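Source: prediction; values computed, not measured. Quick note: numbers below take in every heavy atom, side chains included, and nothing from hydrogens, waters or symmetry partners.
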Amino acid sequence: MTEAALIEQIVRKVLAGIRESASLESFSSCFLILGTRENTDMEKLTAHLPTGAATVFTEDRPGLQVMDPVHQPSREYEGIILPSLSMTAMADLALGRATEKTGHNVLELLMSGYQVKVMDFEYTAFREAAPPALWQLYESYRKTLEGFGLTQLAPPAKGALTVQKKLVTEQEIQRLHQQGVSRARIAERTIVTSLAKDLADALGIEIQRF
């Protein structure tokens with residue numbers, strides 16, 4: 001490759017990164033989805049996310065790195081979501097191993113101290129038919145994974161309001177109370193002040209993280 005061609009290639013990559021960054025900045029939050037858009041129940045996913053939130057799918061972008069060389073997320077995401085966890089992948093992860101790309105991504109994130117939320121556990125579809133011993137085995141896998149930091153994504157509460165702010169103060173809680181909101185859904189990393197927590201308790205407003 002000639003020097004001119006190498007420079008052109010670098011410039012193209014930089015410009016692509018700038019365009020992607022600019023497009024995501026228009027959103028209030030961005031979530032990393034460990035999977036493909038094609039294999040994700042988009043209606044269900046959208047119901048769990050704040051209105052207008054951006055999503056980045058790992059398998060839709062082959063060049064996207066979930067983790068960088070110093071074990072930090074390659075982008076500041078509001079949350080990391082796994083659309084579905086198969087029984088095979090679940091059994092592997094519970095034993096601290098992975099045999100496919102998504103599993104490796106999940107394992108590396110968990111090993112680095114990050115939380116991963118799962119929309120659906122595949123084994124739960126067999127609740128009625130599974131032998132009790134086999135069902136209990138997968139229930140034990142689930143508890144093990146919860147200890148690792150992989151838990152189910154909480155469903156949107158009925159009548160709840162999603163708050164798209166990085167900081168929730170007592171003024172925001174008062175505003176929610178005036179609107180008749182009983183549950184406030186906030187992102188995992190949103191900061192809630194002590195006064196806001198106290199006021200929410202006093203007014204009977206449940207703060208639900210997703």
*Counting only heavy atoms not in Met42, do more than 12 sit closer than 6.0 Å to its CE atom?*
yes
*Apply side chain to side chain donor-acceptor pair (under 3.5 Å) to Tyr123 and list each qualifying residue two or more places apart in sequence or on a separate chain.*
Glu139, Arg142
_Measuring only between side-chain heavy atoms, which start at C-beta, is Ile205 closer than 4.5 Å to Ser182?_
no
_Full working for side chain to side chain donor-acceptor pair (under 3.5 Å) between Thr169 and Gln171_ = CA-CA 5 Å; Thr169 65; Gln171 286 79 16; 3.0 Å; yes
*Under the side chain to side chain donor-acceptor pair (under 3.5 Å) test, residues paired with Ser194 that sit two or more places apart*: none
*Does Arg175 pair with Glu172 as a salt bridge, N-O distance under 4.0 Å?*
yes
*Set of residues satisfying side-chain contact (heavy atoms from CB on, under 4.5 Å) with respect to Ala130, sequence neighbours excluded*: Phe126, Trp135
*asked:* I need the Ile33 CD1 to Ile81 CD1 distance, nearest 0.5 Å.
replied: 4.0 Å
*Taking only residues at least two apart or on different chains, which pairs with a member in residues 200-210 satisfy salt bridge (charged side-chain N to carboxylate O under 4.0 Å, His left out)?*
Arg183-Glu206
*Can you sort out the partners of Phe148 under ring pair (Phe, Tyr, Trp, His ring centres under 6.0 Å), two or more places apart, ordered by chain and number?*
none
*How far does NE2 of His104 sit from CG of Leu109, to the nearest 0.5 angstrom?*
13.0 Å
_Partners meeting side-chain contact (heavy atoms from CB on, under 4.5 Å) with Ser86 (sequence neighbours left out)_ = Thr88, Ala89, Glu122
*Name the one of Leu176, Ile173, Ile207 that satisfies side chain to side chain contact (heavy atoms under 4.5 Å, CB included) with Val168?*
Ile173
*Show your working on side chain to side chain contact (heavy atoms under 4.5 Å, CB included) between Leu34 and Ile80 and close with a plain yes or no.*
CA-CA 7 Å; Leu34 303 177; Ile80 303 171; 3.8 Å; yes
*Any chance you could measure Phe57, atom CZ, to Asn39, atom CG, to the nearest 0.5 Å?*
10.0 Å
*Go through the steps to decide whether Glu170 and Asp198 satisfy the test side chain to side chain contact (heavy atoms under 4.5 Å, CB included), and finish with yes or no.*
CA-CA 8 Å; Glu170 57 182 322; Asp198 292 343; over 6 Å; no
*About how many Å separate NZ of Lys143 and OG1 of Thr151, when rounded to the nearest 0.5 Å?*
15.0 Å
*Measure from the side-chain N and O atoms of Thr58 to the backbone N and O of Gly35, and report whether any donor-acceptor pair falls under 3.5 Å.*
yes
*asked:* When you compare the side chain of Val118 with that of Leu153, does any pair of heavy atoms fall below 4.5 Å?
replied: no
*Kindly write out the residues that satisfy side chain to side chain donor-acceptor pair (under 3.5 Å) with Thr193, not counting sequence neighbours, or none if the list is empty.*
none
_Side chain proximity check, Leu150 to Phe121, heavy atoms < 4.5 angstrom_ = yes
*asked:* With a 6.0 Å cut-off (strictly less than), is the heavy-atom count around CD1 of Ile191, excluding the residue itself, greater than 12?
replied: no
*asked:* Who clusters with Leu195? Use side-chain heavy atoms, under 4.5 angstrom, across I, L, V, M, F, W and Y, and order the result by chain and number.
replied: none
*How would you list, by chain and number, every residue that makes a side chain to side chain donor-acceptor pair (under 3.5 Å) with Ser140, sequence neighbours excluded?*
none
*asked:* Per the salt bridge (charged side-chain N to carboxylate O under 4.0 Å, His left out) rule, what does the pair list look like for residues 84-94, sequence neighbours excluded?
replied: Asp92-Arg97
*Taking side-chain contact (heavy atoms from CB on, under 4.5 Å) as the test, write out the residues that go with Lys44, two or more places apart.*
Asp41, His48, Met119, Asp120
*asked:* Working to the nearest 0.5 angstrom, can you tell me the gap between Lys166 NZ and Ile186 CD1?
replied: 11.5 Å
_Just by distance, no angles: are the side chains of Thr102 and Asn105 close enough, under 3.5 Å, to form a donor-acceptor pair?_
no
*asked:* Quick one, Thr55 and Thr40 - any side-chain contact, counting heavy atoms below 4.5 Å?
replied: no
